[in-house]
Each structure stands twice: as structure tokens, then as C-alpha cells.
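Written out below as C-alpha cells is the structure these notes cover.
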Amino acid sequence: MRIIFMGTPDFAVPALAALHEAGHEVACVYTQPPRPAGRGKKLRPSPVQQKAEALGLTVRHPKSLKSDEARAEFAAIGADVAVVAAYGLILPQVVLDAPTHGCLNIHASLLPRWRGAAPIHRAVMAGDEQTGVTIMQMEAGLDTGPMLSKVTTPVLDKTTGELTEELAELGANAMIEVLADLPNITPQAQDDDAAIYAPKIDKAEARIDWLRPAAELVNHVHGLAPFPGAWFELNDERVKLLLAEVCEGSGSGSAGEVLDDDLAIACGNGALRPVRLQRAGKPAMDRADFLRGRAVAKGTIVT
């Protein structure tokens with residue numbers, strides 16, 4: 001097929017690579033414009049742009065697709081289909097309708113659960129037992145289009161970072177299978193009554209509320225790892241908590257109270273024990289290394 005690919009972050013890179021490797025003609029790659037990054041704030045192209053250029057593909061990065069010129073350029077490519085994976089811009093109806101078979105989206109959830117901007121974070125934070133990828137025919141609504149394929153995977157104790165890598169590969173493979181059998185697939189409508197939305201992560205959500213049950217907080221921590229990272233304050237220092245586990249048999253105390261010399265922390269119900277932490281300006285480290293650098297006495301209160 002003659003394909004337009006539209007994506008921006010690392011999540012989208014496996015899909016672009018898979019389309020190229022499968023022999024499809026990727027006529028053009030659309031991605032977000034380069035952004036300032038690093039200490040020098042130099043413009044850095046997106047992961048998708050870097051991959052596309054390495055493959056020798058044509059890249060465009062318009063700031064929007066609202067202008068008549070941008071829409072005309074898109075339509076003039078004459079694509080059979082557009083494949084979209086975390087592109088980051090709203091596609092106007094005229095763009096959705098331009099390719100012969102429309103625009104197909106790789107969405108990182110089992111729709112209609114977790115429509116919206118942060119489906120992987122929300123699935124982990126909610127304690128979902130499984131999640132997956134849905135290949136969806138795009139329409140004007142937010143992730144409301146008919147579904148062409150679903151692939152599931154267990155969440156287990158995976159962080160959002162780990163799950164993102166896994167779902168990126170699953171989504172790439174699912175899209176290749178869908179394109180190979182596209183004329184024979186009957187789209188399935190979503191049940192709008194079962195829809196749950198996955199809003200963008202707010203910075204205020206990252207601070208740990210020790211009044212919550214330990215099991216919920218473990219999901220919360222894993223859902224925000226590695227970015228933006230759940231955090232708490234220890235002796236007026238902000239510490240990110242990147243991995244944690246429910247801690248049994250460590251006693252009880254007030255929410256936020258350290259219960260032993262191995263950093264078990266009391267929660268609203270039960271206790272959790274940090275597994276991996278990160279001090280400001282320092283690399284992430286396991287709990288033993290963290291405590292070796294600065295012991296935390298039993299009875300200390302974290303906030």
C-alpha cells in the first residue's frame with residue numbers, strides 16, 4: 001500500500017519501522033516539529049523524524065493541518081491509507097477522508113476503555129489486570145471510531161514505561177496484520193456507554209497521598225513511572241518513587257510514617273516499601289543503595 005505515516009514519540013517508531021520492513025510504500029511521514037531540548041535548548045527532531053530520516057523517507061512537520069495549503073499537500077500524496085500512532089495533532093475531517101481507506105489509529109488501550117491522551121498511565125494507575133492495543137478507523141470524535149483489531153496483554157507489575165515499549169511492538173504487529181487483510185475486516189462499533197476517558201496526567205497527581213491504601217499507591221507509582229514520576233518529601237527533599245511493593249508484616253503507624261529501618265512506609269491501609277527511588281539531580285537507585293547514602297530512621301514522617 002501507499003501509506004502516509006503520522007506519529008511523533010518513541011511509541012510510534014516500531015510501527016514506522018514495521019511498515020517499511022513489510023514492503024509498504026511510506027510516501028510521507030508526518031510528525032510534530034522539532035522542539036528545544038537539552039541544556040542548550042537546541043531544536044531536536046522527534047523520535048519518528050529521526051527514524052524516518054534514517055530510512056530515507058520524506059518528512060513533513062506542519063504546526064497544524066488546519067490551513068488549506070497543508071490539507072492540499074496531504075491530499076496530493078494520494079495515499080491508500082494513513083497510519084496514525086500518537087501523532088499529537090487533531091486531524092480535520094477533510095484529512096481523515098483524504099486517503100482511499102481513511103486513517104487508521106494505533107491506540108494503546110482496549111477501547112472503549114481509556115479513550116484520550118494517557119491510556120497507558122491510566123490503565124496502570126487504575127490497577128487494570130489487562131490492557132492492550134486497538135486498531136481503530138479514525139473519525140471526528142475522540143477515539144470513538146469503529147475497531148478493526150484488538151490485542152491484549154496482562155499488566156502485572158509493569159510500569160507505564162515498560163508497558164509503553166511492549167504495546168508499541170504489539171501495535172506495530174497488529175497494524176501490519178490489519179493492512180494485510182483490510183478488505184476482509186468488518187469494523188466493530190464501540191459501545192459508547194462503556195467508554196472511560198484517560199485525561200492527560202496533571203502535575204498535581206504526582207505527589208503521593210499517603211492516606212490512600214498501599215495497593216492503590218503501588219499502582220499509582222508504577223503508572224507514573226518513569227514520567228512524570230510519583231514523589232514525596234523526605235526531610236524537605238523531593239524524592240521520586242519509581243517502583244514499590246505492598247509490604248506485609250511491618251507493623252502499623254500513621255500515614256507517611258516509616259515503620260522500620262528498611263523504609264516500609266505506612267499508608268491509609270497497609271504499608272508499601274520503595275523498590276527504586278531517585279533523589280533530585282541524582283540517578284535512580286535501588287532501595288539498598290538509597291539507604292546506604294542516607295539512612296532513614298524508624299519513626300520518620302514522609303509527606
Side-chain angles (χ1 to χ4, degrees), residues 109 113-114 117-131 153-166 196-303:
S109 82
R113 187 171 178 82
W114 303 128
I120 306 176
H121 291 82
R122 296 299 175 185
V124 179
M125 291 167 71
D128 288 3
E129 292 186 359
Q130 67 174 12
T131 187
T153 189
V155 175
L156 302 174
D157 292 323
K158 300 166 189 170
T159 65
T160 286
E162 293 166 337
L163 207 50
T164 297
E165 292 183 8
E166 180 180 351
I196 299 177
Y197 287 88
K200 184 179 179 181
I201 300 297
D202 188 281
K203 288 183 179 179
E205 294 181 81
R207 183 162 193 164
I208 294 172
D209 178 3
W210 296 105
L211 290 171
R212 295 177 62 186
E216 286 186 10
L217 283 180
V218 169
N219 292 334
H220 188 79
V221 166
H222 292 177
L224 295 178
F227 182 82
W231 61 273
F232 63 91
E233 285 192 353
L234 171 63
N235 298 327
D236 296 325
E237 178 186 12
R238 182 179 292 197
V239 178
K240 280 189 178 182
L241 183 49
L242 302 175
L243 280 175
E245 60 189 7
V246 173
C247 180
E248 305 289 352
S250 54
S252 61
S254 302
E257 181 180 351
V258 176
L259 301 176
D260 60 22
D261 292 331
D262 199 24
L263 206 55
I265 303 172
C267 305
N269 182 6
L272 69 72
R273 197 185 302 278
V275 174
R276 194 158 179 81
L277 310 95
Q278 184 176 21
R279 286 193 167 100
K282 304 293 183 180
M285 61 187 72
D286 293 336
R287 181 179 68 257
D289 294 327
F290 180 90
L291 293 174
R292 192 175 295 116
R294 183 184 300 176
V296 180
K298 179 180 177 180
T300 299
I301 301 297
V302 302
T303 58

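Only heavy atoms go into these numbers, but all of them, side chains included; no hydrogens, no water, no symmetry mates. Computed from a prediction, not measured in an experiment: that's the story for all the values here. This chain uses plain numbering: 1 for the first residue, then up along the sequence.
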Inset, instruction - Report, as yes or no, whether the 6.0 Å neighbourhood of atom CG on Asn269 holds more than 12 heavy atoms from other residues, nucleotides or ligands. - result: no

Inset, instruction - Please report the closest heavy-atom contact between Cys247 and Arg273, naming both atoms and the distance. - result: SG-NH2, 3.0 Å

Legend entry - Pairs satisfying side-chain hydrogen bond (donor to acceptor under 3.5 Å, both in side chains), at least one member in residues 220-231, at least two apart: Arg212-His220

Legend entry - Sidechain-backbone polar pair: Glu162 side chain, Thr159 backbone, donor-acceptor under 3.5 Å: yes

Legend entry - Test item: Glu205 and Met125 side chains (from C-beta on) under 4.5 Å apart, heavy atoms: yes

Inset, instruction - Inspect the contact between Arg122 and Asp128 and indicate whether a charged nitrogen and a carboxylate oxygen are less than 4.0 angstrom apart. - result: no

Inset, instruction - For the pair Asp262 and Arg287, evaluate side-chain contact (heavy atoms from CB on, under 4.5 Å) and give the outcome as yes or no after the intermediate values. - result: CA-CA 8 Å; Asp262 199 24; Arg287 181 179 68 257; 3.0 Å; yes

Inset, instruction - Please round to the nearest 0.5 Å and tell me the distance separating atom CD1 of Ile120 and atom OG of Ser109. - result: 9.0 Å

Legend entry - Asp157, CG: over 12 other non-hydrogen atoms inside 6.0 angstrom: no

Legend entry - Pairwise side-chain contact, Val239 with Gln278, heavy-atom cut-off 4.5 Å (strictly under): no

Inset, instruction - Using a 4.5 Å cut-off on heavy atoms from C-beta on, say whether the side chain of Leu263 contacts that of Leu277. - result: yes

Inset, instruction - With rounding to the nearest 0.5 Å, note down the distance linking OH in Tyr197 to CZ in Arg113. - result: 14.0 Å

Legend entry - Distance, nearest 0.5 Å, that separates OG of Ser252 from CG of Leu259: 7.5 Å

Inset, instruction - Please report the C-alpha distance between Leu163 and Val124 in whole Å, then the side-chain angles of each, then the deciding distance to 0.1 Å, and finally whether the side-chain contact (heavy atoms from CB on, under 4.5 Å) criterion is met. - result: CA-CA 9 Å; Leu163 207 50; Val124 179; 3.7 Å; yes

Inset, instruction - Give a yes or no on whether a salt bridge exists between Lys158 and Glu165, defined as a side-chain N under 4.0 angstrom from a carboxylate O. - result: no

Legend entry - Where Val296 and Val258 come nearest, the two heavy atoms and their spacing: CG1-CG2, 3.9 Å

Inset, instruction - Quick one: closest heavy-atom pair of Ala266 and Ala271, and the distance? - result: CA-CB, 4.1 Å

Legend entry - Trace of the salt bridge (charged side-chain N to carboxylate O under 4.0 Å, His left out) decision for Glu237 with Arg294: CA-CA 12 Å; Glu237 178 186 12; Arg294 183 184 300 176; 2.8 Å; yes

Legend entry - Distance-only polar pair, side chains of Glu257 and Thr300, donor-acceptor under 3.5 Å: no

Legend entry - Phe232 side chain near Val221 side chain, heavy-atom distance below 4.5 Å: no

Legend entry - Side-chain heavy-atom pair Leu241, Leu272 within 4.5 angstrom cut-off: yes

Inset, instruction - Take Thr131 and Thr153 through the test side-chain contact (heavy atoms from CB on, under 4.5 Å) and record every step on the way to the result. - result: CA-CA 6 Å; Thr131 187; Thr153 189; 4.2 Å; yes

Legend entry - Heavy-atom closest contact (Ala123 atom, Trp114 atom, distance): CA-NE1, 3.5 Å

Inset, instruction - Measure the shortest side-chain to side-chain distance between Pro228 and Ile201 over non-hydrogen atoms and say whether it is less than 4.5 angstrom. - result: yes

Inset, instruction - Return the minimal non-hydrogen interatomic distance between Gly223 and Thr160, and the atom names on each side. - result: O-OG1, 2.6 Å

Inset, instruction - Kindly say whether Ala284 contributes a backbone atom to a donor-acceptor pair with the side chain of Lys240 at under 3.5 angstrom? - result: no

Legend entry - Qualifying residue for side chain to side chain contact (heavy atoms under 4.5 Å, CB included) with Phe290, from Arg276, Lys282, Arg279: Arg279

Legend entry - Considering all heavy atoms, the nearest Ala255-Leu211 contact: CB-CD2, 3.7 Å

